[in-house]
Number of protein chains: 4
Amino acid sequence: MTAIEEMQVTTKKETQILEVAERLFATKGFEGASVREIARDADVSVSMISYYFGSKEKLMEAIVLKRLGLVKLRLEHLLEDFRLSSLQKMYAVVDSNVEDIIERQYFQKIMIREQCGKSSTTTARLIEDNRKDIGELMRKLISEGQRKGEFRGDVDITLLMMTLIGTTNYIMAAEKHYRVEHDMMHTGKQEFQKFVTLHVSNYIKDIFRHVLCD
Amino acid sequence: MTAIEEMQVTTKKETQILEVAERLFATKGFEGASVREIARDADVSVSMISYYFGSKEKLMEAIVLKRLGLVKLRLEHLLEDFRLSSLQKMYAVVDSNVEDIIERQYFQKIMIREQCGKSSTTTARLIEDNRKDIGELMRKLISEGQRKGEFRGDVDITLLMMTLIGTTNYIMAAEKHYRVEHDMMHTGKQEFQKFVTLHVSNYIKDIFRHVLCD
Amino acid sequence: MTAIEEMQVTTKKETQILEVAERLFATKGFEGASVREIARDADVSVSMISYYFGSKEKLMEAIVLKRLGLVKLRLEHLLEDFRLSSLQKMYAVVDSNVEDIIERQYFQKIMIREQCGKSSTTTARLIEDNRKDIGELMRKLISEGQRKGEFRGDVDITLLMMTLIGTTNYIMAAEKHYRVEHDMMHTGKQEFQKFVTLHVSNYIKDIFRHVLCD
Amino acid sequence: MTAIEEMQVTTKKETQILEVAERLFATKGFEGASVREIARDADVSVSMISYYFGSKEKLMEAIVLKRLGLVKLRLEHLLEDFRLSSLQKMYAVVDSNVEDIIERQYFQKIMIREQCGKSSTTTARLIEDNRKDIGELMRKLISEGQRKGEFRGDVDITLLMMTLIGTTNYIMAAEKHYRVEHDMMHTGKQEFQKFVTLHVSNYIKDIFRHVLCD
DNA sequence: CATGAATGAGCTTTCATTCAT
DNA sequence: CATGAATGAAAGCTCATTCAT
């Protein structure tokens, strides 16, 4: 084992479990997906899940934790870029979110499902904390834009973000419907994603510009 | 006791089950909600559920069927109203949808969850069929508006509808976050719903007008 | 179902489970006996145990509760009999205990095992409470005997009771050894019990008389 | 480091395991104590137990073998001491047993538990063999005393030994109860053991003398 | 039309043990 | 000689459903 391989904290089997679990939690829900099924699909024995993650619940937390960290990090870096105007930053946020939601569909579905449920689980708390952090960052961006006169003074940032996330989420949740309506029933996954990313990104940017600036 | 009252009496338990099941399916997911819990909360014996509806699955279908029928019916009536302009009709669609989603939160959550899953269940088929019907009606409305010159020619109606439904759904799913951001943590349910309905409705109507007409 | 049958709070299956569980908990210990094995031997399905008793733990509690109640009740009645002298009462206590321990071997073994373990379980608490009650009653009997001049003034009642219970328990726990040493390897169960009851009872009464009166 | 020290170093972990296992088997029973817990408490890796002893079962046998050998050896030496009268030897047996049971509580609890179970295991056979040996030695002592006219002719030695072991065991099993009744709830372990040893030893010697000589 | 008793199948988790290193 | 990774088997329990009444 080389030094680099050693640095990878997650073993191969651990990664397999995480990937399969993400997919099954997304498509079947937390309770709907059984550890047996996860183990079978990940080609490991059932006991590996408890072995690596402690429990089914903790496995879920591991998935959420892994994804959420990256999102926040990227957003922070983006906002620090002083070469961009506030609107450009906002456009970058849109791009980043659209890409995320479209490329990480499984995880998005998990987020959606979690938001429907009661907020008493550890997972729910993780998500809520993340949302708070993201909200904070966005508020800063808006204030900056308003100070510079780029944005209107009476922007409801919460509503705007919810338009971005809600719309994109919904599109991916109802992917099939979207494909039917756009005559893309048999378009390959990559091509479809590329098209949607561009199409939706522009559509939402237009809305953002309208709400923020007009 | 009249014949009609008798009918209501005999179906009272059925209604209780439907209401409780809707809430539990929404907050805990289909697999997460057990028939035992539904039965307990609805104050009936567990066997009643199989007895009335055949199975847990069929109970879910009953919930979905009951709700979806009303939505389509209302939309049909609305679109036939020749006194309204196309934009006014579109506004009415927005109002109707926002109200629906905000007042029938539980059912919306069920819809959201179902859209995440695989589309092989009977329930998923019911929802898909409904969406097709609604899509058809909306396309008609758009065409009418375009013919009359009210709407632009290059409107992506699917994307627009998804903005409406996705955004509103997301707001309600993340109700807590919305309340925090708008300083409404301790606002009563009715007052909150009234405020959100108006606020969101106007916000989305503005977007619709922008996308459809500008 | 007749009125009398209805009065029986325990159903037939419930009784079967209780009996089998008592035997298995006694011979294999609480953790050593699996619900699957109990269910198999009692000729019921595994789920019946949870159905009737809630859990394996609660099943144990049900066994202990059922037995302990009777013991205390019997002792109370015995001590109220004013026709007997204090020593006669004490002899009756010995007889009663010896009989109990010899006839209800399985339950005694459960008690022995429980006393070895940590006293944090509900079962352990039940047993401790019972011991406290019994201790109270015995102290009264001794005081009475001392007041009447039948017993010596410096009797250690705790030690005496522990001799009674400890010895008898040990005899039954090591029944096989006892049989070997007394050439009763192939004596029938009933005859053996009858002999032991008499033999042990007299032996302990002699000790009691010596300790209490000499 | 000498060869002897080296031996101790290599078997240090083995000793740790034996000690922890004895405690846990005593307080939780054989099935109730898991190798994981033993390993954790003994500060070794789980695989060490199978590695050193072969299996959980063999570990139990190792504990029993180690303890039982010493008991028999001590008894043999004691009985060979021609300077003591038979009654003095018997008193020495009592002292030795009481000390053993009180100082080696954990092991005694293991013995008690084992006696409750079915006698088909290797461990049970070891214990039974030991009891046979001890019985043999005791019978010799009694015969000697009877020949010398010190003891009565009709002594039931089995019953007497069972009084000794049964009573002492029970006292330690119900230690808490004993402490409560003797106002020693907060007495230190050493002081308590010293008191009990003396108290119980004298109590049982009195009974022995009564049964053997009066 | 209604229900309590009962169950087989499945759940998550822990078990003692093995094996490659 | 020692151990972390891995696993099949079994644990206690809950599930949706059935059936006799």
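Since the model is a prediction, treat every value here as computed from it, not as a measurement. To find a chain, count down the sequence lines: A is the first, B the second, and so on, and within it residues start at 1.
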**OP:** Show your working on side-chain contact (heavy atoms from CB on, under 4.5 Å) between L59(A) and L18(A) and close with a plain yes or no.
**Re:** CA-CA 8 Å; L59(A) 168 57; L18(A) 280 168; 4.0 Å; yes
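- One can place CD of E14(C) at 16 Å from P of dG4(E), the figure rounded to the nearest angstrom.
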Subject >> Criterion side-chain contact (heavy atoms from CB on, under 4.5 Å) on M111(B) and L68(B), from CA distance to verdict >> reply: CA-CA 10 Å; M111(B) 296 282 285; L68(B) 285 187; 4.0 Å; yes
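- One interatomic measurement links the two molecules: NZ of K12(B) to P of dA2(E), which rounds to 13 Å at whole-angstrom precision.
- Scored by the side chain to side chain contact (heavy atoms under 4.5 Å, CB included) test, K58(C) finds S55(C), E61(C) as partners (sequence neighbours excluded).
- Distance R40(C) CZ to dA10(F) C1': 12 Å, rounded to the nearest Å.
- For residues 37-57 of chain C, the salt bridge (Lys or Arg N to Asp or Glu O under 4.0 Å) pairs, not counting sequence neighbours, are R23(C)-D41(C), K28(C)-E37(C).
- For the pair E37(B) CD and dT14(F) P, the interatomic distance rounds to 13 Å; values are reported in whole Å.
- Here Y106(B) pairs with nothing under the side chain to side chain donor-acceptor pair (under 3.5 Å) rule; sequence neighbours left out.
- Residue D43(A) contributes atom CG, which lies 13 Å from atom C1' of dA6(F) at whole-angstrom precision.
- Every side chain to side chain contact (heavy atoms under 4.5 Å, CB included) that R131(C) has, sequence neighbours left out, goes to Q115(C), Y170(D), A174(D), H177(D).
- Taking atom CE of M48(A) as the reference point, atom C1' of dT14(E) lies 14 Å away to the nearest angstrom.
- Sorted by residue number, the list of members of residues 18-31 of chain B with any non-hydrogen atom under 4.0 Å from DNA chain E is empty.
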Subject >> Pair pattern of DNA chain E in dot-bracket, where unpaired bases get dots and | marks partners in another strand, Watson-Crick or G-U under 3.5 angstrom >> reply: .||||||||||||||||||||
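- Rounded to whole Å, atom P of dG12(F) lies 15 Å from atom CZ of F53(C).
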Under-3.5 Å N/O pairs linking protein and nucleotides 17-21 of chain F:
from: dT17(F); atom 1: OP2; to: K56(B); atom 2: N; distance (Å): 2.8

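- Across the interface with DNA chain F, nearest-nucleotide mapping of K13(A) and S34(C) shows K13(A) to be the residue nearer the 5′ end.
- Sorted by first and then second residue, the ring-ring contact (aromatic ring centres under 6.0 Å, His included) pairs involving residues 25-47 of chain A (not counting sequence neighbours) are F25(A)-F30(A).
- Here salt bridge (Lys or Arg N to Asp or Glu O under 4.0 Å) pairs that include residues 108-129 of chain A, with residues two or more places apart or in two chains, are E128(A)-K176(B).
- Applying the side chain to side chain contact (heavy atoms under 4.5 Å, CB included) rule to S45(D) yields the partners S47(D), M48(D); only residues at least two apart in sequence or on another chain are considered.
- In this structure, Q16(C) places its CD atom 10 Å from P of dA6(E), rounding to the nearest Å.
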**OP:** Start with the C-alpha distance between E22(B) and R104(B), add both sets of side-chain angles, then the distance that settles salt bridge (charged side-chain N to carboxylate O under 4.0 Å, His left out), and finish with yes or no.
**Re:** CA-CA 10 Å; E22(B) 188 175 66; R104(B) 246 84 71 194; over 6 Å; no
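- Where V44(C) and A33(A) each meet DNA chain E at their nearest nucleotide, the meeting point lying more 5' is that of V44(C).
- A42(D) pairs by the side chain to side chain contact (heavy atoms under 4.5 Å, CB included) definition with Q16(D), I17(D), V20(D), V44(D), not counting sequence neighbours.
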